[in-house]
K.L.:
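One structure, pasted below without further comment.
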Amino acid sequence: MRSSPWQASPEVAERAVGPTDFRILGPVGVTVGGRPLVIGGARNRAVLAALLLSAGRVVSIDQLVEATWGPNPPAGARSQIQNRISKLRSALEPVPVPATGGLIRTVGGGYVIRPGADELDQDRFTALTALADRLLATGDPAGAAQALGRALDLRSGPALDGLGTPYLSSAAHGIEERLLVAFERLMQLHLLLRRHAEVIGELRCMTDAHPIREQLHALLMLALFRDGRLAEALDVYRTVRAALVDQFGLEPGATLQALNDAMLRSDPRLLTADLDGVLAITTAARTPPPHPAPHTAPPVPRELPAAAPLFGGRAEQLRRLDELAARPGGATGRGARCEHTAATAATVVITGAPGTGKTALAVHWGHRVGGEFPDGQLHLDLRGYGPEPPLPPLGALTALLRSLGAVGYDPDDVTAA
């Protein structure tokens, strides 16, 4: 199982080790008064791990066999489990136990281990994360961050390190996931406390270890953005997107996409110190509006003036217009479905002296082939002749945008138009 580079928060005081310490948030082991006990080889540690994972609950012999050997145990595996339980009891004799019974007890068809209060690192981790929840609820994010830092300091390496049966690998994966979620919560609190510069190194290390963990990348992006490193923040998005597309053919989730979009427009909410404000940015795209406005397509523009009732003598020019429109890469194909794009559409200019019928030719041909332009036809009078002054660029752009149903731009901004 891949190791994650957990790092202790520099402000967290060292945890006081109790007289007895059972550990599964790393290599399985037991210490008494700080002195490690000799448990034995991997089989003994596998049995101890299975018992500690269900501390206080009965673990059947069949479960212990599966945890120790996997799906293909040797003959006599059940007897071997009994022997290993006996050896564990001997190895754990230095551990103080209640007068009511031994540390490992036989119950029905299985065994149960009952460590004392706060003696199992997993129990201490659970207690500290619950304490962090309570402190945050009372408005003490600094205290919550310290509690989470102490909880993460309990990790001494990959969970159940060295024990690789499917039973224990699954359990180890669950432990690592809980630790990772706690780490992400701690990073959120550090960002709330404006410690973004301090956590960038840790987050980079963790995103390297978990290259497709989107929440980690979102936190790193926020930390970099708040540290004034926008280009690096956007590069983080590009990196995780490339990994997701390459490995799974998937785009990043709504959270990362929303965060990237917000950074591209420098959304000021990304700089807020309020935790809810930070989370609102990263989760906004997950919740659609309760009543989205119905989309109404704008009407198809048909703006050509009426064609001249009598038109003739332009057969060669009309043939040339038809030819240009039918050319590959042109606006359309005669009698074919229109599939042009803005990048390949042909532009045709009709030139000639004033009064020679340029407009009449364009309008006549426009009506003649109108059915091949299903998206509509635009007409714009630039007022090149006549008493009125020529139409300015902003006026022309605004008229065209209005014809196309465009909204959301500044009508006084030529560049936006």
Side-chain angles (χ1 to χ4, degrees), residues 1 3 14-70 72-127 153-176 179:
M1 188 170 184
S3 173
E14 183 177 355
R15 179 183 57 79
V17 178
T20 302
D21 188 11
F22 292 90
R23 296 184 176 180
I24 57 175
L25 304 182
V28 176
V30 187
T31 62
V32 177
R35 180 175 62 89
L37 301 183
V38 178
I39 301 300
R43 306 288 190 222
N44 285 4
R45 288 186 291 116
V47 173
L48 179 59
L51 292 172
L52 291 173
L53 285 166
S54 299
R57 302 191 302 274
V58 177
V59 182
S60 70
I61 293 179
D62 288 339
Q63 288 176 297
L64 293 173
V65 168
E66 184 181 356
T68 305
W69 287 283
N72 300 304
R78 293 174 65 86
S79 297
Q80 290 193 49
I81 289 295
Q82 295 171 345
N83 293 335
R84 294 187 185 281
I85 289 290
S86 178
K87 291 179 181 179
L88 281 176
R89 283 170 169 159
S90 297
L92 296 174
E93 283 182 357
V95 177
V97 296
T100 55
L103 181 65
I104 300 177
R105 301 177 61 183
T106 304
V107 179
Y111 301 91
V112 60
I113 190 170
R114 299 185 185 279
D118 297 326
E119 289 184 348
L120 178 59
D121 59 358
Q122 181 173 248
D123 291 343
R124 294 197 297 275
F125 175 85
T126 300
D153 285 344
L154 294 171
R155 186 183 191 273
S156 57
L160 310 180
D161 194 18
L163 304 178
T165 60
Y167 183 102
L168 295 179
S169 291
S170 177
H173 180 80
I175 292 173
E176 291 289 345
L179 290 162

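All values derive from a computational prediction rather than experimental measurement. Throughout, numbering of the chain's residues begins at 1 and tracks the sequence.
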K.L.:
Side chains of Arg124 and Leu120: does their closest heavy-atom pair fall under 4.5 Å?
P.N.:
no
K.L.:
What closest approach, in Å, do Leu48 and Leu88 show between heavy atoms, and which atom pair accounts for it?
P.N.:
N-CD1, 3.9 Å
K.L.:
Restricting to non-hydrogen atoms, name the atom on Val95 and the atom on Phe22 that form the minimum distance, rounded to 0.1 Å.
P.N.:
CG1-CZ, 4.1 Å
K.L.:
Locate the shortest heavy-atom distance separating Val65 from Ala77; write the atom from each residue and the value.
P.N.:
CG1-CB, 3.9 Å
K.L.:
Taking the side chain as C-beta and beyond, is there a heavy-atom pair between Val112 and Val59 under 4.5 Å?
P.N.:
no
K.L.:
Between Val28 and Ile39, is there a side-chain heavy-atom distance shorter than 4.5 Å?
P.N.:
no
K.L.:
Could you tell me which non-hydrogen atom of Gly70 sits nearest to which non-hydrogen atom of Pro166, and how far apart they are?
P.N.:
CA-CD, 4.3 Å
K.L.:
Measure the spacing between CD1 of Ile81 and CZ of Arg43 and express it to the nearest 0.5 Å.
P.N.:
9.5 Å
K.L.:
Carefully, step by step, assess Gln63 and Tyr167 under the rule side chain to side chain contact (heavy atoms under 4.5 Å, CB included).
P.N.:
CA-CA 9 Å; Gln63 288 176 297; Tyr167 183 102; 4.0 Å; yes
K.L.:
Can you confirm whether Arg78 sits close enough to Leu64 that some side-chain heavy atom of one is under 4.5 Å from a side-chain heavy atom of the other?
P.N.:
no
K.L.:
Going from CG on Leu168 to CD on Glu66, what distance comes out if it is rounded to the nearest 0.5 angstrom?
P.N.:
9.0 Å
K.L.:
If you round to the nearest 0.5 Å, how far is CD of Gln122 from CG of Leu25?
P.N.:
6.0 Å
K.L.:
Can you tell whether the side chains of Arg35 and Asp21 come within less than 4.0 Å, N to carboxylate O?
P.N.:
no
K.L.:
Does Asp121 come within less than 4.0 Å of Arg155, counting only side-chain N to carboxylate O?
P.N.:
no
